[in-house]
Undergrad: 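Have a look at this one before I ask anything.
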Amino acid sequence: METSDIIDSIRNGNQATRDEIVKLLSAQGRDRDELFAEAREVRDRQFGDRVFAYGFVYFSTYCHNNCTFCYFRKSNSIDRYRKTPEEIIATAADLKDAGIDLVDLTMGEDDQMYKDNCAELLDIISGVRKLGISIMVSPGAVGKDAMRPIKEAGADFFAVYQETHNRDLYAKLRLNQDYDFRYNQRVWAREAGLLTEDGMMVGLGETMEDRADSILMMGEEKCEQIRCMTFVPQAGTPLQNLEPMDSEMELKSIAVMRLLFPDRFIPATLDVEGVQGMKSRLDAGASTITSIIVPHKHFAGVAQPEKDIESGVRSVQHVYDLVEDMGKKIATQNEFRHAIEPLEARIRPKD
Ligand code: SAM
Ligand code: MD0
Ligand code: SF4
């Protein structure tokens with residue numbers, strides 16, 4: 001089948017096969033333009049002229065894991081920080097005042113946050129919740145028992161990315177981390193009434209078929225948010241010399257996810273290419289700008305620990321202006337709550 005036939009078939013409500021997804025991910029020239037145009041149309045039908053904006057608070061860069069791709073892996077000797085609850089709440093308040101829709105509270109797998117049944121983590125979540133802003137937590141793999149308290153403390157979303165759904169590749173990336181335990185985080189989070197996010201990375205030696213499988217599996221899993229990020233090599237890590245890919249595969253993955261799963265939130269992350277990369281991701285059908293960071297507070301990004309942060313280029317006003325230039329508007333916090341409340345009602349635990 002030609003690319004345009006596959007797009008037609010999906011538009012007519014047919015499920016895409018793995019081979020068809022591989023074909024879409026390989027689209028070039030006019031086929032590629034058609035894929036992206038369709039993705040924008042599907043996104044606009046779902047969300048109108050609204051784009052969602054998430055602020056990123058990487059509040060502890062301590063980690064007991066050794067993921068081969070990550071700058072913050074335990075064996076990397078880098079300067080680390082752990083922000084106090086007060087600093088985190090003040091940063092979240094800045095994001096709220098700037099009109100950001102959600103605060104993503106992210107950490108390395110920091111044992112201090114897990115001890116005493118995640119007391120400090122829960123304290124941070126409930127402190128931020130009191131500000132009246134929506135919350136995503138990205139605390140790594142915490143286990144089943146932590147999910148209810150995380151929900152009750154006030155989190156809306158639980159994010160934990162599988163990175164790849166090829167178990168052999170996973171084992172080479174997330175060293176000594178059980179695949180199923182990580183996968184089950186999202187199952188348990190959902191059972192506790194949390195919205196979930198899964199994610200894939202590209203540029204780590206995966207095949208086209210692996211990428212197609214990740215897209216299919218993320219869709220089947222019914223996560224409300226799904227993402228793709230391009231691997232960015234990090235100094236001091238085992239993969240530091242891996243030849244980096246450009247963002248083309250990430251963009252095509254965004255477009256394919258949008259066609260297949262029209263109603264999901266799909267990030268345009270600023271963490272891979274900074275603000276310069278925002279427009280191309282929105283043009284591929286993304287709905288949600290993620291990784292907006294408050295400048296001058298010394299927070300790190302993930303894939304780009306320093307990119308555009310202290311200069312303020314990744315900050316809110318700049319992002320808003322660019323979004324308006326595209327004829328779009330950042331959703332108000334109320335509009336965002338209205339978008340997620342029906343989703344939360346759908347998964348509310350029944351007891
Ligand atoms: N520690 C938690 C965890 O691993 O789930 C949350 C933070 S972790 C740094 C968040 C995500 O950042 C990872 O799941 C991975 O997808 C992404 N990431 C980390 N290093 C990256 C890199 N070098 N390039 C691209 N994405 C990266
Ligand atoms: C982002 N830097 O959205 C963040 C991060 C964790 N939930 C998200 C990878 O790009
Ligand atoms: Fe730690 Fe997360 Fe980085 Fe893995 S990806 S080393 S768990 S911070």
Side-chain angles (χ1 to χ4, degrees), residues 52-76 78 80 82 100 102-111 113-114 121 135-142 155-164 170 173-177 181-183 185-186 189 195-204 214 218 223 225-240 242 244-245 247 249-250 265-275 277-278 281 286 288-293 299-309 314:
F52 307 99
Y54 294 1
F56 184 54
V57 183
Y58 202 174
F59 64 91
S60 171
T61 59
Y62 287 87
C63 188
H64 59 211
N65 277 337
N66 248 328
C67 303
T68 50
F69 51 81
C70 183
Y71 185 65
F72 301 100
R73 71 200 301 268
K74 184 180 181 172
S75 306
N76 210 8
I78 53 170
R80 297 178 192 265
R82 180 184 297 117
I100 290 291
L102 170 146
V103 174
D104 180 0
L105 297 172
T106 297
M107 59 185 234
E109 295 208 352
D110 178 359
D111 292 319
M113 294 294 155
Y114 298 146
L121 172 63
I135 298 174
M136 170 180 276
V137 278
S138 308
V142 294
D156 299 288
F157 277 90
F158 189 95
V160 64
Y161 313 142
Q162 209 67 30
E163 327 294 2
T164 174
Y170 175 95
L173 299 175
R174 287 200 159 268
L175 304 180
N176 303 314
Q177 297 169 56
F181 185 65
R182 194 164 172 90
Y183 185 96
Q185 302 300 308
R186 294 181 298 277
L195 306 173
T196 51
E197 181 180 22
D198 194 3
M200 65 192 272
M201 264 207 262
V202 292
L204 287 167
S214 278
M218 291 196 298
C223 296
Q225 184 163 307
I226 50 180
R227 75 160 59 206
C228 176
M229 276 173 78
T230 311
F231 164 64
V232 181
Q234 303 296 329
T237 66
L239 299 182
Q240 64 179 348
L242 194 68
M245 273 189 3
S247 59
M249 192 47 60
E250 177 181 334
F265 296 108
I266 301 179
T269 179
L270 306 187
D271 214 347
V272 173
E273 294 184 303
V275 174
M278 184 180 89
R281 286 166 176 75
T288 306
I289 300 160
T290 67
S291 218
I292 295 171
I293 297 184
F299 282 98
V302 166
Q304 294 283 8
E306 289 172 12
K307 192 168 181 64
D308 289 351
I309 295 174
R314 208 150 135 185

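Ligands are counted one by one from 1 in listed order, and the atoms in each one are counted from 1 as well. Hydrogens, waters and symmetry mates play no part in the numbers below; they use all other heavy atoms, side chains included. In what follows, residues are counted from 1 in the order of the sequence shown.
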Undergrad: Nearest heavy atom to atom 4 (O) of ligand 1 wins, so pick from R174, R227, Q240.
TA: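 Minimum heavy-atom distance to atom 4 (O) of ligand 1 goes to R174.
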Undergrad: Which residue in the set V275, I293, L270 passes side chain to side chain contact (heavy atoms under 4.5 Å, CB included) when paired with D308?
TA: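 Answer after filtering V275, I293, L270: V275.
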Undergrad: Carefully, step by step, assess F52 and L102 under the rule side-chain contact (heavy atoms from CB on, under 4.5 Å).
TA: CA-CA 9 Å; F52 307 99; L102 170 146; over 6 Å; no
Undergrad: Give me the residue, atom name and distance of the protein heavy atom closest to atom 20 (N) of ligand 1.
TA: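 Heavy-atom neighbour on the protein nearest atom 20 (N) of ligand 1: F69 CD1, 3.4 Å.
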Undergrad: Between Y58 and ligand 1, which residue portion shows a heavy-atom distance shorter than 4.0 Å: side chain, backbone, both, or neither?
TA: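 For Y58, the contact with ligand 1 is made by the side chain alone.
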Undergrad: Would you mind running through ligand 2 and noting each atom that sits below 4.0 Å from a heavy atom of T290?
TA: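 Going through ligand 2 atom by atom, the ones under 4.0 Å from T290 are 1 (C), 3 (O), 10 (O).
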Undergrad: Is it the side chain (CB and beyond), the backbone, both or neither of D271 that lies under 4.0 Å from ligand 1, heavy atoms counted?
TA: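 Within the 4.0 Å criterion, D271 makes no contact with ligand 1.
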Undergrad: Based purely on interatomic distance, does C70 place a nitrogen or oxygen under 3.5 Å from a nitrogen or oxygen of ligand 1?
TA: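 Not met; the criterion fails.
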Undergrad: Suppose I only count heavy atoms of D104 and a 4.0 Å limit; which atoms of ligand 2 are within that range?
TA: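 Heavy-atom distances to D104 below 4.0 Å select 6 (C), 7 (N), 8 (C).
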Undergrad: Got the closest protein heavy atom to atom 6 (C) of ligand 1, with its distance?
TA: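 Here the nearest protein heavy atom works out to M107 O, 3.4 Å.
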Undergrad: Taking only heavy atoms of S138, which atoms of ligand 1 are found under 4.0 Å from at least one of them?
TA: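 Contacts of ligand 1 toward S138, numbered from 1: 6 (C).
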Undergrad: Please could you name the atoms of ligand 1 that G108 approaches to less than 4.0 Å, counting only its heavy atoms?
TA: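 Ligand 1 atoms under the 4.0 Å threshold to G108: 1 (N).
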Undergrad: Without swapping roles, check the side chain of Q234 against the backbone of V232 for a donor-acceptor pair under 3.5 Å.
TA: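 Checking the backbone N and O of V232 against the side chain of Q234, a donor-acceptor pair under 3.5 Å is found.
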Undergrad: For Y58 and ligand 3, answer yes if some heavy atom of the residue is under 4.0 Å from a ligand atom, otherwise no.
TA: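 Heavy atoms of Y58 do come under 4.0 Å of ligand 3.
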Undergrad: At what distance is the nearest protein heavy atom to atom 7 (C) of ligand 1, and which residue and atom is it?
TA: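 The closest one turns out to be T106 CG2, 3.5 Å.
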Undergrad: Which atoms from ligand 3 have a heavy atom of G108 less than 4.0 Å away?
TA: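 Here the atoms of ligand 3 in question are 8 (S).
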Undergrad: With a cut-off of 4.0 Å, which atoms of ligand 2 are near a heavy atom of S138?
TA: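 Per the distance check, 6 (C), 7 (N).
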Undergrad: Got a donor-acceptor contact below 3.5 angstrom from the R182 side chain to the Y161 backbone?
TA: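 Judged by distance alone, yes, a pair lies under 3.5 Å.
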Undergrad: Side chain or backbone, does V302 bring an N or O within less than 3.5 Å of an N or O on ligand 1?
TA: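 In fact, backbone or side chain, V302 has no N or O that close.
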Undergrad: E273 and side-chain hydrogen bond (donor to acceptor under 3.5 Å, both in side chains): which partner among K307, Q304, R281?
TA: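 Of all the options given, the one that passes is R281.
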Undergrad: Among all protein heavy atoms, pick out the one at the shortest distance from atom 24 (N) of ligand 1; state its residue, atom name and that distance to 0.1 Å.
TA: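 Closest protein heavy atom to atom 24 (N) of ligand 1: V232 N, 3.0 Å.
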Undergrad: If you measure every N/O of Y71 against every N/O of ligand 1, is any gap under 3.5 Å?
TA: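 No; the residue has no nitrogen or oxygen that sits under 3.5 Å from a nitrogen or oxygen of the ligand.
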Undergrad: Check if Y71 has a non-hydrogen atom at a distance under 4.0 Å from any atom of ligand 3.
TA: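 Y71 does not count as a contact of ligand 3 under the 4.0 Å cut-off.
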Undergrad: Are M113 and P139 close enough that some pair of their side-chain heavy atoms sits under 4.5 Å apart?
TA: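 No. Closest side-chain heavy atoms not under 4.5 Å.
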Undergrad: Show the atoms of ligand 3 that are less than 4.0 angstrom away from any heavy atom in C63.
TA: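 In order of number, 1 (Fe), 6 (S), 7 (S), 8 (S).
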Undergrad: Please determine whether any non-hydrogen atom of G199 lies less than 4.0 Å from an atom of ligand 1.
TA: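 Contact check G199 vs ligand 1: negative.
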Undergrad: Check the orientation of F72 and Y58. Use parallel for under 30°, tilted for 30 to 60°, and perpendicular for over 60°.
TA: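 Plane angle over 60°, so perpendicular.
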Undergrad: Does the side chain of F265 reach to within under 4.5 Å of the side chain of L195, using non-hydrogen atoms?
TA: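 F265 does not reach L195 side chain to side chain.
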Undergrad: Write out the residue and atom name of the closest protein heavy atom to atom 26 (N) of ligand 1, then the distance separating them to 0.1 Å.
TA: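 In this structure, atom 26 (N) of ligand 1 has M201 SD, 3.4 Å as its nearest protein heavy atom.
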Undergrad: When you look at I226 and I266, which way does the side-chain contact (heavy atoms from CB on, under 4.5 Å) test go after all the steps?
TA: CA-CA 5 Å; I226 50 180; I266 301 179; 4.2 Å; yes
Undergrad: Tell me, do C228 and M218 make a side-chain contact under 4.5 Å, heavy atoms counted?
TA: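 No. Closest side-chain heavy atoms not under 4.5 Å.
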Undergrad: So which of V272, V160, T269 gets nearest to atom 10 (O) of ligand 2, if we judge by its closest heavy atom?
TA: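 Result: the heavy atom closest to atom 10 (O) of ligand 2 is in T269.
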Undergrad: Identify, by atom number and element, the atoms of ligand 3 in contact range of C67, meaning under 4.0 Å from any of its heavy atoms.
TA: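 Atoms satisfying the 4.0 Å criterion: 4 (Fe), 5 (S), 6 (S), 7 (S).
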Undergrad: If you measure from atom 13 (C) of ligand 1 to every heavy atom of E250, E163, Q234, which option wins on shortest distance?
TA: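 The nearest heavy atom belongs to E163.
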Undergrad: Taking T237's backbone N and O only, do any of them form a donor-acceptor pair with N76's side chain (distance below 3.5 Å, no angle check)?
TA: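 Absent.
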Undergrad: With heavy atoms of F69 as the reference, note each atom of ligand 3 found under 4.0 Å away.
TA: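 Close to F69: 5 (S).
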Undergrad: Taking both backbone and side chain into account, is any N, O or S atom of C70 nearer than 2.8 Å to atom 1 (Fe) of ligand 3?
TA: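 Coordinating: no.
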Undergrad: Do F59 and L121 come within less than 4.5 Å of each other through their side chains, counting heavy atoms only?
TA: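 The answer is yes, as the side chains (C-beta and beyond) meet within the 4.5 Å cut-off.
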Undergrad: Please determine whether any non-hydrogen atom of T230 lies less than 4.0 Å from an atom of ligand 1.
TA: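 Judged by the 4.0 Å heavy-atom criterion, T230 does count as contacting ligand 1.
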Undergrad: Considering only non-hydrogen protein atoms, determine which one is nearest to atom 2 (Fe) of ligand 3 and report residue, atom name and distance to 0.1 Å.
TA: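 Nearest neighbour among protein heavy atoms for atom 2 (Fe) of ligand 3, to 0.1 Å: R174 NH2, 4.2 Å.
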Undergrad: Backbone N or O of V142 within a donor-acceptor pair of the Q185 side chain at under 3.5 Å?
TA: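 Yes, the answer is positive, given that a donor and an acceptor are paired below the 3.5 Å cut-off.
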Undergrad: Any idea which atoms of ligand 1 are less than 4.0 Å away from a heavy-atom of M229?
TA: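 Near M229, the atoms of ligand 1 are 26 (N).
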Undergrad: Is V160 close to ligand 1, meaning an N/O of one under 3.5 Å from an N/O of the other?
TA: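 Checking ligand 1 against V160, no N or O pair falls under 3.5 Å apart.
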Undergrad: Answer whether the closest heavy-atom distance between the side chains of L173 and L239 falls below 4.5 Å.
TA: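 Yes. Closest side-chain heavy atoms under 4.5 Å.
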Undergrad: Show the atoms of ligand 2 that are less than 4.0 angstrom away from any heavy atom in T106.
TA: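 Atoms satisfying the 4.0 Å criterion: 6 (C), 7 (N).
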Undergrad: Under a 4.0 angstrom heavy-atom cut-off, which atoms of ligand 3 come close to R73?
TA: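 What qualifies from ligand 3 is 6 (S).
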Undergrad: In sequence, state the C-alpha distance, the side-chain angles, and the governing distance for R186 and Q162, and then conclude on side-chain contact (heavy atoms from CB on, under 4.5 Å).
TA: CA-CA 10 Å; R186 294 181 298 277; Q162 209 67 30; 2.8 Å; yes
Undergrad: Are any of the side-chain heavy atoms of Q177 and C67 separated by less than 4.5 Å?
TA: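 SC-SC contact between Q177 and C67 confirmed.
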Undergrad: Would Y54 and T269 count as a side-chain contact (heavy atoms from CB on, under 4.5 Å) if you check the C-alpha gap in whole Å, the side-chain angles of each, and the deciding distance to 0.1 Å?
TA: CA-CA 10 Å; Y54 294 1; T269 179; over 6 Å; no
Undergrad: Record the part of Y161 in heavy-atom contact with ligand 2 below 4.0 Å; permitted values are side chain, backbone, both and neither.
TA: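 For Y161, only side-chain atoms sit under 4.0 Å from ligand 2.
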Undergrad: Do the rings of Y114 and H64 sit parallel, tilted or perpendicular, given the 30° and 60° boundaries?
TA: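 Tilted: the ring planes of Y114 and H64 meet at 30° to 60°.
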Undergrad: Below a 4.0 angstrom heavy-atom separation, can you tell me which part of M200, side chain or backbone, both or neither, approaches ligand 1?
TA: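 Under 4.0 Å from ligand 1, M200 contributes no heavy atoms.
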Undergrad: Can you tell me which residue and heavy atom of the protein come closest to atom 5 (O) of ligand 1, and the distance to 0.1 Å?
TA: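 Checking every protein heavy atom, the shortest distance to atom 5 (O) of ligand 1 gives R182 NH2, 2.8 Å.
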Undergrad: Tell me, which protein residue and heavy-atom name are nearest atom 11 (C) of ligand 1, and how many Å apart are they?
TA: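 Of every protein heavy atom, Y161 CD1, 3.8 Å lies nearest to atom 11 (C) of ligand 1.
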Undergrad: Answer yes or no: is there a side-chain heavy-atom contact under 4.5 Å between F69 and R174?
TA: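 Answer yes - side chains close enough.
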Undergrad: Just by distance, no angles: are the side chains of T106 and D104 close enough, under 3.5 Å, to form a donor-acceptor pair?
TA: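 Per modelled atom types, T106 and D104 side chains form a pair under 3.5 Å.
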